[in-house]
Amino acid sequence: MRALKAALERARRLGASYADLRVVKRRDEGIVVKNGRVDSVESSEEEGVGIRALVNGAWGFASCSSLEQEDIERTAELAVRIARASARVKTDDVTLAPVDAICDSYKSAYDIDPFTVSLDEKIGLLMDAERLARQNPKIRVATADMGFRREEKIFLSSEGADIRQEIIESGAHMSAIATDGEEIQERSYPSIFGDYATRGYEFVKSLDLAGHAEEIADQAAELLSAPQCPSKVTDLVLGTNQLALQIHESCGHPSELDRVLGTEASFAGTSFLTLEKRGNFRYGSDDVTIVADATIPGGLGTFGYDDEGVPAQRVELVKRGIFSDYLTSRETSPLVNQRSNGCMRADGWNRTPIIRMTNINLMPGDWTLDEIIRDTKDGIYMEANKSWSIDDKRLNFQFGTEIAWEIKDGGLGRMLKNPTYTGITPEFWRSCDAIANRDFWHLWGLPSCGKGEPMQVAHVGHGASPARFRKVRVGVGKW
């Protein structure tokens, strides 16, 4: 601890008006089984320190993998030198919103530490699941995997913050690929990305991979002979796992204030939610309320404090259809006349923090899924993302899902293969007129959100209940 504080003091003596430091220790484990064999077992550990310095209104960042005092102080000096060089080409001074200098600790809740569970037990669970999937003779490839992370962080700032955090993550996934020699269909569980949470090994057990293996295998096989999704305009009901990615791409990313300001433009670009739209733009119907909530228990985007020492918060991004707020940092929030709402996170010790999603959730309505189906005369029900594409303003999109069923006269009909739908973000969300209630709501963990150059991968969450959207274009034919 003395070495860390000495590094911050050195940054200040060298001219930094502000400096902060993050020590990150991370342990990861991943296991994959495929067609009755262990495909891979990976385990890694890393530790290092990243230091930011603000000099003459500009940022500098440097990092090192050593925790020796001499090396940390040298890294602080490098951060100051980079900041001073950056100041020569700055366009505006960086202004930081105030934040309380907090001294605290945070630890995510879990029942079973996944790193204490034997490798044999973990492999056995995966083997049981994929073996059951391969009982269907049309399944050619079955895989099952699980992953775990423990991340311990220390955050110190020149303003006096001293925050310790320990977060454990766990999750799993499986898939079954069927073929009849002419085409291939795949079904995954619980989704194409699996499902992850800031929980322990008990979360993986609760997913019950083996209990769903035969169902997804049978569906993959049945899809081979199912009719194609028709091309038409119709009512669309989306399952909660597909809605998670819809929220991610068409609300989460465009509400990141760095994208709005044009300081972040990689991976499908900027944002249509420009500053004049805040507080008055009709993003969705009155039924649509979307919140960013870093406080909800178990969410993959849940934490105690972000990487600027700002407490986790719950923020309404869309309130009864009206766009109301952005995901912000200490640097960007003064531009919208507020304090940071705690969305700065870095992918490890050797990356500078950037604005990231937390848990971006569609609030539940008061319908049941059966009521939504019964109330739909003609439509399609889609589940489980398969593909996605969205433009660099986050406006025009196309999504494909693994499976769908037609809806006829208030009932589910034939299974459909290769379903797709397209839309324009605000038009799509304005067409939402029914959302299932809390009983159908699920908080999904997505461990693969890419952003930034060099790319950083964030772990985020999305909660949703099934919902209906009116007059949506589905299929890939001519209109």
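The chain is numbered in sequence order, starting from 1.
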(message) Going by ring pair (Phe, Tyr, Trp, His ring centres under 6.0 Å), name the pairs with one or both residues in residues 204-224, residues two or more places apart or in two chains.
(response)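 Residue pairs passing ring pair (Phe, Tyr, Trp, His ring centres under 6.0 Å), neighbours aside: Tyr189-His212.
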Indicate yes or no: at least one non-hydrogen side-chain atom of [X] is less than 4.5 angstrom from one of [Y].
| X | Y | answer |
| --- | --- | --- |
| Ile407 | Ile373 | yes |
| Leu443 | His462 | no |
| Asn241 | Asn385 | no |

(message) More than 12 heavy atoms of other residues, nucleotides or ligands under 6.0 Å from NZ of Lys277: yes or no?
(response)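 Yes, enclosed.
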(request) Would you indicate whether Lys319, at its atom NZ, is surrounded by more than 12 heavy atoms from other residues, nucleotides or ligands within a distance under 6.0 Å? (result)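 For Lys319, atom NZ is not crowded (no more than 12 foreign heavy atoms under 6.0 Å).
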(request) Among Phe428, Trp429, Trp388, find the one that has a ring-ring contact (aromatic ring centres under 6.0 Å, His included) with Phe397. (result)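 Going through Phe428, Trp429, Trp388 one by one, the ring-ring contact (aromatic ring centres under 6.0 Å, His included) with Phe397 is satisfied by Phe428 alone.
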(message) Is it true that Asn396 and Asp391 share a donor-acceptor pair across their side chains at a distance under 3.5 Å?
(response)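 Indeed, the side chains of Asp391 and Asn396 share at least one donor-acceptor pair under 3.5 Å.
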(request) Determine whether the side chains of Trp444 and Thr240 contain a donor N or O and an acceptor N or O closer than 3.5 Å. (result)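 Indeed, the side chains of Trp444 and Thr240 share at least one donor-acceptor pair under 3.5 Å.
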(request) Establish, yes or no, whether the cationic atom of Arg52 lies under 6.0 Å from the six-membered ring centre of Trp59 and within 45° of the ring axis. (result)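 Yes, Arg52 and Trp59 form such a contact.
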(request) Would you verify whether the NZ or CZ of Arg26 falls within 45 degrees of the ring axis of Trp349 while also being under 6.0 Å from that six-membered ring's centre? (result)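 No, a cation-pi geometry is absent between Arg26 and Trp349.
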(message) Main chain of Ser329, side chain of Thr332: is a donor-acceptor contact present, judged purely on distance under 3.5 Å?
(response)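 Looks like yes, one N/O pair under 3.5 Å.
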(message) Using modelled atom types and a 3.5 Å cut-off, is there a donor and acceptor pairing between side-chain atoms of Glu202 and backbone atoms of Asp111?
(response)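 Side chain of Glu202 to backbone of Asp111: a pair is present.
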